[in-house]
Every structure is written in structure tokens, then in C-alpha cells.
Visitor: 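So that we are looking at the same thing, I have put the structure below in C-alpha cells.
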Amino acid sequence: MAEDHKLLEFDGINQIFHTGKEDLHAVKDVDLSVDAGEVLCLVGQSGSGKSTLAKIGAGLRQPTSGQVRFDGRDIYDRAHRKTWSSFRRSVQYVHQDPYASLNPIQTVYSILSAPLLKHRVVRGRAEAEEKITELLAAVGLEPAGAYLEKFPHQMSGGQRQRVSVARALTLDPKLILADESTSMLDVSIRTDLLAMLTELRTHRGVGFLFITHDLAMAKFFGAEGSMAVMRYGEIVEYGPTLEVINDPQHEYTRALLEAVPEADPDLARRKRAARLAREGDAA
Ligand code: ADP
Ligand code: MG
């Protein structure tokens, strides 16, 4: 069915935090959208409002004003409970700090089996383990048996980040809001994970809001998509990723570009062999 709405739309979003004496306008009049199979990179310095916008898009924070639509429907209109439940399943937010988002008293098995059992993707332990083994392999955690009974504190930062990505994949999402989701990973693992996410995008049509402060990462994952540059809550530049990177119009974008060393995925692959000799990815 051809419809003229996008998968996820931000329409005139504002977020004002009332803290202390002054109000903080953390997100200002943002209009953006992401469609199926598309990647929208959101870049900007720390504190520019990227996570706040992503949480608004993920249904985790109702904005001060503006509308978020998923499949053309206002997600914060609680009159549409059906919209909400399909939204919660289809849109996954991968937190920038996996330590804060993984329950410390749950094992990897419990973390990943809960959504699978709740939504009846699998029935029973054997089926759950089979599906979880696939998910862990997809994020490079093998053999699965070495991770199933681990608690978050028993893993490195990079391993925890991969568990959160695996959790986001449990329910075959249509859209992933990845908030600095690869920032804690060793470069070679990061390249592998981004390749896997690219496959989800191109083969399964998963849309991505890809947040990073690293423009080289955006160039690597989002070359075929668009890029929005955020500064003090405002989108100051928007366009095809490579055009923004190769011909930045805004001074702030130029400053961001100057701060970033060029990514070298080939170097990453060459380093992979060396990494495998060491144990795990850096915490
Ligand atoms: P980014 O992800 O780009 O680093 P954030 O969205 O986390 O930026 O934060 C944007 C601004 O909003 C920052 O100044 C931050 O301190 C502030 N902020 C974020 N969340 C809250 C909150 N819950 N209450 C008050 N201020 C907040
Ligand atoms: Mg953030």
C-alpha cells in the first residue's frame, strides 16, 4: 500500500527542560523524518540535544510541543492504544550507555528471552536459546554459551553494547534509534557491527536514526543516507550525508569535521587479526 507518510516523522518538536532558574531549550523546532531502509545520521557535539530528540522519537519522552508520527499516526495520542503497542514493538532505542539500560540482576539469557517470550516470538527455553544464539552471533558474541549466563557487570563495555543491540533486534524492529551505539566498541568490532546493521537496512528495510558525535562513523554507516547537524537543539544543516561532509555549508559542521580523524575501515580489518589474539574488545 503506497502511502505518502514516512516511517517516523518529527514535526515541529520542542523540548524545554525546567531546571533551576533558567529554562533550557534542549530541542528547537525540529522537523526530520526517517523512512524504511533509510539512515538518518544525527551529529553534533555533546549536549546539543541528540539523545533528547531520540528519546522523544522512541516514545520515551513526550515533547513540550510538536508531533511524532510513526506510520502516519501520532505516537503520543494515547487514544490510539493499538498504534502505541505496534510502535513499541517496531521501534527500538539503543541507549548510549548500555550499563544504564541493562538490568544488572538479569543474565544475558533473561535480558534477551524476556521480549521473545512476552511477544511469543518463541515458546519455551529451547526455542529461546536457539533464537538468542542467532542474535548473539549477529552481534559477534560467540559462542553463545559463553555469554548466556553472564551478568552485565561480568562483561566489557563493548560486549554490553552488543547485548543491547541484540536486544533491539529481538522483535524484528522497523526502526532503530541507535544512540552512540557503537562508540564504546573496538574499531574492528564496530566495523563488523555496522556491516551487520547495514545488511538489516538494505535487506530487511530497517530504518535508522544513527546518532554519533563522530562524523567518520556517520560517513561509514550513513553514506547512502542523509545527515542532520544539531547545535544547541537546532538543526543547522541537513542534506545527503556525503554532500554535507564533502561540502559543509555551516561553520559549525566544518568545525565538527576538523575535529575528526578519517575513518579507515581497511585498517580496521587488518587490525582484526591482532585483536582476535587479544581477549574480547576493550571495555
Ligand atoms: P546530546 O545527546 O547531544 O549529548 P542531550 O540530549 O543529552 O544531548 O542533552 C541536551 C541538553 O539537555 C543538555 O544541556 C542536557 O544537560 C540537557 N538535558 C538532557 N536531559 C535532561 C533532563 N532530563 N533534565 C534536564 N536537562 C536535561
Ligand atoms: Mg547523547
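Along the sequence shown, residues are numbered consecutively beginning with 1. Just so you know, ligand 1 is whichever comes first in the structure, and atom 1 is the first atom listed for that ligand.
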Visitor: At a threshold of 2.8 Å, where the distance has to be below it, does the Mg ion (ligand 2) have an N, O or S atom of S46 nearby?
Guide: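 Given the 2.8 Å cut-off, S46 does not count as a ligand of the Mg ion (ligand 2).
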
Visitor: How many angstroms lie between atom NE2 of H25 and atom CD1 of I16, to the nearest 0.5 angstrom?
Guide: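 Here the interatomic distance stands at 4.5 Å.
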
Visitor: I'd like to know if the side chain of T52 pairs up with that of Q15 as donor and acceptor (distance under 3.5 Å, no hydrogens or angles considered).
Guide: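 T52 vs Q15: no donor-acceptor pair found between side chains.
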
Visitor: Does R254 pair with E258 as a salt bridge, N-O distance under 4.0 Å?
Guide: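 Looking at R254 and E258, the cut-off is not met.
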
Visitor: Would you say that K219 contacts L242 through its side chain, given a criterion of any heavy-atom pair below 4.5 Å between the two side chains?
Guide: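 K219 reaches L242 side chain to side chain.
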
Visitor: From the options V27, L53, T52, select the one whose nearest heavy atom is closest to atom 5 (P) of ligand 1.
Guide: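 Among V27, L53, T52, the closest heavy atom to atom 5 (P) of ligand 1 comes from T52.
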
Visitor: Going by the atom numbers of ligand 1, which of them fall below 4.0 Å from some non-hydrogen atom of R61?
Guide: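 Listed by number with element, the hits are 23 (N).
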
Visitor: Go through ligand 1 atom by atom and flag the ones less than 4.0 Å from a non-hydrogen atom of S48.
Guide: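 Those of ligand 1 that fall under 4.0 Å from S48 are 1 (P), 3 (O), 8 (O).
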
Visitor: In Å and rounded to the nearest 0.5 Å, what is the OG to CG distance from S90 to D71?
Guide: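 Between atom OG of S90 and atom CG of D71 there are 7.5 Å.
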
Visitor: Can you list the ligand 1 atoms lying under 4.0 Å from a non-hydrogen atom of S51?
Guide: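 Ligand 1 atoms under the 4.0 Å threshold to S51: 1 (P), 2 (O), 6 (O), 7 (O).
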
Visitor: Just let me know how Q45 lines up against ligand 1, side chain, backbone, both or neither, with a heavy-atom cut-off below 4.0 Å.
Guide: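 Near ligand 1, Q45 shows its backbone, while the atoms from C-beta on stay back.
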
Visitor: Return a yes/no value for G49: is any of its N or O atoms, backbone included, closer than 3.5 angstrom to an N or O of ligand 1?
Guide: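 Yes: some nitrogen or oxygen of G49 is under 3.5 Å from one in ligand 1.
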
Visitor: Once you round to the nearest 0.5 Å, how far does CD of Q67 lie from CZ of F10?
Guide: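 These two atoms lie 12.5 Å from each other.
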
Visitor: Is NZ or CZ of R125 both nearer than 6.0 Å to the six-membered ring centre of Y109 and within 45° of the ring axis?
Guide: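 Yes, R125 sits over the ring of Y109.
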
Visitor: Applying a heavy-atom cut-off of 4.0 Å, say which part of D179 lies close to ligand 1: side chain, backbone, both or neither.
Guide: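 It is neither; nothing of D179 touches ligand 1.
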
Visitor: So is there a nitrogen or oxygen of G47 less than 3.5 Å from a nitrogen or oxygen in ligand 1?
Guide: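 Yes; at least one N/O pair falls below 3.5 Å.
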
Visitor: Do D172 and R204 meet the salt-bridge criterion of a basic N to acidic O distance under 4.0 Å?
Guide: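 So R204 pairs with D172 through a salt bridge.
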
Visitor: Please report the interatomic distance CD(E129) to OG(S113), rounded to the nearest 0.5 Å.
Guide: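 It comes to 9.0 Å.
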
Visitor: May I ask you to list the atoms of ligand 1 that are less than 4.0 angstrom from any heavy atom of T19?
Guide: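 The atoms of ligand 1 under 4.0 Å from a heavy atom of T19 are 25 (C).
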
Visitor: Which of the numbered atoms in ligand 1 are under 4.0 angstrom from any heavy atom belonging to A26?
Guide: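 It comes down to these atoms of ligand 1: 12 (O).
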
Visitor: Mark up the atoms of ligand 1 that fall under 4.0 Å of a heavy atom belonging to S46, in ascending order.
Guide: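 Ligand 1 atoms under the 4.0 Å threshold to S46: 4 (O).
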
Visitor: Can you pull out the closest protein heavy atom to atom 24 (N) of ligand 1? Residue, atom name and distance to 0.1 Å, please.
Guide: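 Minimum-distance protein heavy atom for atom 24 (N) of ligand 1 reads F17 CD2, 3.5 Å.
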
Visitor: L24 heavy atoms, cut-off 4.0 Å: which ligand 1 atoms fall inside?
Guide: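 Per the distance check, 11 (C), 12 (O), 14 (O), 17 (C).
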
